[in-house]
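Working notes, structure below.
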Number of protein chains: 2
Amino acid sequence: MTGSADSGEGRLPARRPVTLRDVAEAAGVSVATASKALNDQGRMTAETRTRIREVARRLGFRPNGLAQSLLRRRSFTVGLLTNDTYGRFSLPVMAGISEALVDAGVSVFLCNVEDDPRLGQLHVEAMLEKRVDGIIASGKRLDRHLPVTLAGLGVPIIYAFTEPDPGSIAFVSDDAQGARLAVEHFVALGRRRIAHVTGPESFMVVHQRAAAWRAVLAEHGLGVPDGFYMSGRWSERFGHEAVAQLFGGPGEKPDAIFCGNDQLARGVVDALRERGLAVPDDVGVIGFDNWEIVAAETRPPLTSVDMNLSALGREAGLTLLSLVDGKAVEPGIRKLPCRLVVRQSCGRPPDG
Amino acid sequence: MTGSADSGEGRLPARRPVTLRDVAEAAGVSVATASKALNDQGRMTAETRTRIREVARRLGFRPNGLAQSLLRRRSFTVGLLTNDTYGRFSLPVMAGISEALVDAGVSVFLCNVEDDPRLGQLHVEAMLEKRVDGIIASGKRLDRHLPVTLAGLGVPIIYAFTEPDPGSIAFVSDDAQGARLAVEHFVALGRRRIAHVTGPESFMVVHQRAAAWRAVLAEHGLGVPDGFYMSGRWSERFGHEAVAQLFGGPGEKPDAIFCGNDQLARGVVDALRERGLAVPDDVGVIGFDNWEIVAAETRPPLTSVDMNLSALGREAGLTLLSLVDGKAVEPGIRKLPCRLVVRQSCGRPPDG
DNA sequence: CTCATTTGAGAAAAGGTTTTCTCAACCCGG
DNA sequence: CCGGGTTGAGAAAACCTTTTCTCAAATGAG
């Protein structure tokens, strides 16, 4: 009704964004009324309400989230701190986190801190200034801290797939349970001489998985011949070396190899084939991590333990939301179960 | 000087964050003076300034970024839209972007839109409400749009490694130049029968690289025998199949294979070895993408074309900052050069 | 017709900071 | 002693929205 002026619908972006005041003036009401009309609050005639809404729509009004956040003392924003931007662990975790938060209308600041305390401090400062509602710390190893301390910051913190501070809330994978899954799968298929090829002993998970491997073997009365445990680098190359050792010497030969990750397993499978040993007929192989792109392209495709990282991230995100809403959450470390993804590298299941 | 009350340094987080007003009251000045003291603005005695600063430090004052952003009409925040959270392309791009922006004190909202227009719309709305200073669109393919249109939003937009809208500013890799690097490297090493094993023809880059491959061969008077061009899936498996075709038939055999990605190259190298052909002595192989974890573990390690994605991301980030600062930037698509990372899969350089 | 109640809508404060103005006090040259 | 300039600091507006009051007009009961 303001004459012929172009409403701007779909046209060049306005220099200055349209504010609630603009809407109010255009509709001939006060900003208070305009606000209430758009938020379904207060009392007014239905006609007034629809008129204001129509004006807002026509002007392309979009409420300023900064002003809203300032007033509500809640920014609908969380910070995600990680030292593993490139890696394949934190990515599924992050995806799970985002997924959980998006549904609540919460946006995520992604901050990569590498292993640089200065960078970590910088990012944390920035997050706090931007008044994030909470922070999630994620990483690439369960036994290493991020290079920054998050205690006593005044905002809720959740740890997901990284070493937590004492007394905090954390979600991690249950590596021992995952290892049990693998070894018990071998046992169920009738394998009896099960070796374990894994990464460096500086990794906590290496010990956890090895302990579970030994435990399952013991429970089934199976022994661990000398040399059936091999620790080295997390690489295909070491997979090859391990096979050379395991099958090159005079001693007993394994009929199954549980590997600490999929790259090792890939190396092991390739090395076995090159020695003329058939996978899974002569030797069964199981990997860890279920890194699709490696596991699926191995010949034969790898059976592997999946850490359900995406679900882990989702749990972390949902829990953070609870904290932000003021709900109390018991501190402690939650271990989330792994699952076994069966492909073709260890033979038919017992019923086959 | 306020007596014995615990200053709270390092203690339990205060329920309510301390504001500038708190600082001003504690220091016995007005908020205006307090603000100026902390920002090195205005005029006051050095004593006043240091006193206020000391009080602010003691109270753990941290300015509220929301209030600052509201006033400055600048949130020091940008949105990063991608449909490739898991993939390996957008990750280096993202890392480069973050790196460029962190130094300017700008935080990044990471938003994964998959290929879901609804999710895309949702994220864009959220970004605009949160008053991002700009948006960067990234993806996993140069020839596919994100599932959301970004024109006329009223904020600066940059496209990085994804199909741009017409008239916009975009950064992409120069795939033709990258392919030339590879083929010319082969030619310089004396290879004469250079095959090309690549991905599906639904990818634009497949055409660009193939055209460059043909062009370089033509420039050097080298022919392209029938069957020297093979298009299939982007998988190791197809690499094997391609080798079977290339070397199984009666025709001329290549002495070099330029592969469309590192997985293909890995499959090709493995297949060659299995046929008893030596890499690089009998056949040279070059990959594309320089995916470290594949290229370095291949036996022998792969020479590969690197798209410099991290640098590409950095350029995109810096350019967005220019736009945000109001500087004019010529629209258009900038192709950034690739580089060849030489490992051991195609023999000694000529001078060796 | 009067009084109490409901209805529709606006004024103003709040959220935390920055910046422009204003103003009193002081200094100094004339 | 006077007037112009400087200095130190505060008042107030601005950023944009939400929410609580407040208030006049309209309505209904008696």
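Just so we're on the same page: letters track the sequence lines, and every chain starts at 1.
- Residues forming a ring-ring contact (aromatic ring centres under 6.0 Å, His included) with B/Phe171 (at least two apart in sequence, or on another chain): none.
- Residues forming a ring-ring contact (aromatic ring centres under 6.0 Å, His included) with B/Tyr159 (at least two apart in sequence, or on another chain): none.
- Note on residues 41-53 of chain B: pairs passing salt bridge (Lys or Arg N to Asp or Glu O under 4.0 Å), not counting sequence neighbours, are B/Asp40-B/Arg49, B/Asp40-B/Arg53, B/Glu47-B/Arg51.
- Every pair tested for salt bridge (Lys or Arg N to Asp or Glu O under 4.0 Å) that includes a residue from residues 152-168 of chain A fails, sequence neighbours excluded, so the list is empty.
- Scored by the side chain to side chain contact (heavy atoms under 4.5 Å, CB included) test, A/Val172 finds A/Leu142, A/Ile333, A/Lys335 as partners (sequence neighbours excluded).
- When atom types are taken as modelled, the side chain of A/Asn64 and the backbone of A/Leu66 share a donor-acceptor pair closer than 3.5 angstrom.
- An angle of 60°, rounded to 10°, separates the two end axes of the helix from C/dC1-D/dG30 to C/dG30-D/dC1, each defined over five pairs.
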Please output the side-chain donor-acceptor pairs of residues 91-99 of chain B that fall under 3.5 Å, not counting sequence neighbours, one pair per line with the distance.
residue : atom : partner  : partner atom : Å
B/Ser98 : OG   : B/Met94  : O            : 3.1
B/Glu99 : OE2  : B/Arg314 : NH1          : 3.4

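- In summary, the side chains of A/Thr48 and A/Thr45 do present a donor paired with an acceptor at a separation below 3.5 Å, with no hydrogens or angles considered.
- Applying side-chain contact (heavy atoms from CB on, under 4.5 Å) to B/Met127 and the options B/Leu122, B/Ile135, B/Leu80 leaves one that passes, B/Ile135.
- Listed by residue number, the members of residues 65-79 of chain B with any heavy atom below 4.0 angstrom from DNA chain D are B/Leu70, B/Leu71, B/Arg73.
- Computed from coordinates, the A/Arg43 CZ to D/dA26 C1' distance equals 13 Å when rounded to whole Å.
- For A/Ser35 and D/dT17, the shortest distance from a side-chain N or O to OP1 or OP2 is not below 4.0 Å.
- Reading DNA chain C from its 5' end, the first and the last nucleotide to sit under 4.0 Å from a heavy atom of chain B are C/dG16 to C/dT20.
- The stretch residues 123-131 of chain A has no heavy atom under 4.0 angstrom from DNA chain C at all.
- Residues A/Leu101 and A/Leu321 have side chains in contact (heavy-atom distance under 4.5 Å, counting atoms from C-beta outward).
- Not a single ring-ring contact (aromatic ring centres under 6.0 Å, His included) links A/Phe61 to another residue, sequence neighbours left out.
- In this structure, B/Glu47 and B/Val31 both approach DNA chain D, and ranking their closest nucleotides by distance from the 5' end singles out B/Glu47.
- The CE atom of A/Met44 sits 18 Å away from the C1' atom of D/dA26 (whole-angstrom rounding).
- Taking OG of B/Ser90 as the reference point, atom CZ of B/Arg141 lies at 14.5 Å (rounded to 0.5 Å).
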Listing, residues 104-118 of chain A side-chain donor-acceptor contacts under 3.5 Å, not counting sequence neighbours, or none:
residue  : atom : partner  : partner atom : Å
A/Ser107 : OG   : B/Lys130 : NZ           : 2.8
A/Asn112 : OD1  : A/Thr85  : OG1          : 2.8
A/Asn112 : OD1  : A/Glu114 : N            : 3.2
A/Asn112 : ND2  : A/Thr85  : OG1          : 2.4
A/Asn112 : ND2  : A/Glu114 : OE2          : 2.9
A/Asp115 : OD1  : A/Asn83  : ND2          : 3.3
A/Asp116 : OD1  : A/Arg118 : N            : 2.9
A/Asp116 : OD1  : A/Leu119 : N            : 3.4

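- With the nearest nucleotide of DNA chain D identified for both B/Ala34 and A/Lys36, B/Ala34 has the one nearer the 5' end.
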